Number of protein chains: 2
Amino acid sequence: MTLPQHDQAARVLLQQSNGRITPARIGVLGILLAANAALSHQEIEQLALQQGYTFDRVTLYRALDWLVEQGMAHKISGADRTWRYNAQAGIPHQHAHFHCKQCEQVFCLENLQPAFLFALPPGYQLEQVDVTLQGRCPACTQQS
Amino acid sequence: MTLPQHDQAARVLLQQSNGRITPARIGVLGILLAANAALSHQEIEQLALQQGYTFDRVTLYRALDWLVEQGMAHKISGADRTWRYNAQAGIPHQHAHFHCKQCEQVFCLENLQPAFLFALPPGYQLEQVDVTLQGRCPACTQQS
DNA sequence: TATATTAATGCAATCTTGTTGCAAAAGAGA
DNA sequence: TCTCTTTTGCAACAAGATTGCATTAATATA
């Protein structure tokens with residue numbers, strides 16, 4: 001599913017960082033750019049294999065972490081408690097995700113504002129809403 | 001932190017179920033009732049130890065699962081991918097949680113409606129909002 | 001182009017979180 | 001107290017994720 005142009009785009013993006021441009025990073029970023037859903041480690045590994053990339057599981061973890069660090073990818077924790085990654089360069093991440101309980105895919109709903117939470121794009125059948133707010137609790141706020 | 005009265009309350013609650021009243025269930029439910037945040041398996045295990053309970057890790061998992069099954073506790077998946085449990089009997093669960101990035105505690109914000117998401121209780125410093133919607137994606141909806 | 005330097009990789013080992021099967025122990029009613 | 005069933009503890013297992021370290025590869029410099 002990853003087209004050559006995605007690897008090309010990945011290469012361009014990587015050149016804007018101060019890290020090294022390696023096959024693993026090109027491959028992983030290319031896969032993320034080509035995907036229309038947030039991918040799990042396993043899914044990325046499989047796609048990479050299909051494309052002839054043969055990097056280690058650990059390398060994949062590190063490439064993903066590095067991409068997140070560089071701001072080129074987002075790391076989200078789905079309802080099934082596995083990390084999923086996506087790369088939507090330029091689009092600010094709103095952290096609204098749709099987890100399909102049937103196919104287990106996670107879709108990023110980028111432009112969904114909390115107030116419009118229930119105005120889902122057509123076709124999505126909502127069963128459960130999980131909202132996690134992150135920051136500092138009163139006790140920790142006072143400490144610092 | 002668990003006071004005797006919580007174990008007492010736990011006992012009363014357990015009597016309303018059709019399961020057996022065992023030390024593990026009393027202890028776990030008592031701990032959950034005494035907590036003002038959702039607790040992880042590990043935290044519960046530690047608190048139990050502090051109180052002299054010495055049940056197995058597996059027993060704890062099973063007691064928690066059972067409590068959830070009975071509707072006496074809620075199981076939530078935090079941003080750090082570990083299950084957390086809380087027992088707020090009688091209060092319907094709204095699935096809005098506040099995860100403190102500093103102390104890693106998860107607080108349940110029971111009465112927060114999505115539209116009022118940004119009207120947080122005083123003291124909470126918001127840094128990130130994660131919304132996970134669950135259900136069926138368009139493709140899966142059509143399939144069935 | 002060749003070389004040196006530093007960053008990234010692969011491998012093996014380890015850890016954490018969570019689950020399963022089964023025999024032994026304990027709750028609850030008769 | 002006795003019996004029946006539910007829980008428990010133990011051991012083993014499994015997936016997901018991380019760490020240390022020697023080897024390899026990417027880049028800057030000569």
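Below, read A as the first sequence line, B as the second, and so on, with proteins coming before strands; counting in each chain starts at 1. Any value given below was found using the heavy atoms of this structure, including those in side chains, with hydrogens, waters and symmetry copies removed. Just so it is clear, the model here is predicted, and its values are computed rather than measured.
Comparing B:D65 and A:L60, the nucleotide of DNA chain C nearest to each residue sits closer to the 5' end for A:L60. Nearer to the 5' terminus of DNA chain D, by closest-nucleotide assignment, is the contact made by B:V58 (compared with the other of B:V58 and A:H41).
Regarding A:R25, its CZ atom lies at a distance of 11 Å from the P atom of C:dA7, rounded to whole Å. For the pair A:L64 CG and C:dA8 C1', the interatomic distance rounds to 14 Å; values are reported in whole Å. Rounding to whole angstrom units, CD of residue B:E69 and C1' of D:dT6 are separated by 13 Å. Summarising the geometry, the separation between CD on A:Q70 and P on C:dA8 is reported as 9 Å, rounded to the nearest angstrom. The nearest whole Å value for the distance from the CG atom in B:D56 to the P atom in D:dT8 is 10 Å. Atom pair B:E45:CD and C:dT16:C1' shows a separation of 12 Å (rounding to whole Å applied). Rounded to whole Å, the distance from CH2 on A:W66 to P on D:dT18 is 18 Å.
With a 4.5 Å cut-off on side-chain heavy atoms, A:L29 and A:H6 do not count as touching. Looking at A:T22 and A:L14, their side chains never come closer than 4.5 Å, going by heavy atoms from C-beta outward. The shortest side-chain heavy-atom distance between A:L64 and A:V28 falls under the 4.5 Å cut-off.
Look at B:Q42 and you'll find a side-chain N or O under 4.0 angstrom from OP1 or OP2 of C:dT17. Put simply, A:Y61 has no side-chain N or O that comes within less than 4.0 Å of OP1 or OP2 on D:dT18. OP1 and OP2 of D:dG16 both lie 4.0 Å or more from every side-chain N or O belonging to A:W83.
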At under 4.0 Å between heavy atoms, how does the protein contact nucleotides 25-30 of chain C? Give one character per nucleotide, 5' to 3', with B, S or -. -BBS--
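Counting distance only, with no hydrogens placed and no angle test, the side-chain atoms of B:R62 and the base atoms of D:dG9 include a donor-acceptor pair under 3.5 Å.
Within the 4.0 angstrom heavy-atom criterion, only backbone atoms of the sugar-phosphate kind lie near B:A24; the bases stay farther away.
Considering only side-chain atoms of A:R57, the nucleotide from D:dA17, C:dG10, D:dT8 that sits closest is D:dA17.
A distance of 6.0 Å or more separates the ring centres of A:H74 and A:Y85.
Side-chain N or O atoms of B:Q46 include none that pairs as donor or acceptor with a backbone N or O of B:E43 at under 3.5 Å. Between the B:R25 side chain and the B:R20 main chain, a donor and an acceptor come within less than 3.5 Å of each other.
B:Y61 and B:F55 are members of different hydrophobic clusters when ILVMFWY side chains are connected at heavy-atom separations under 4.5 Å.
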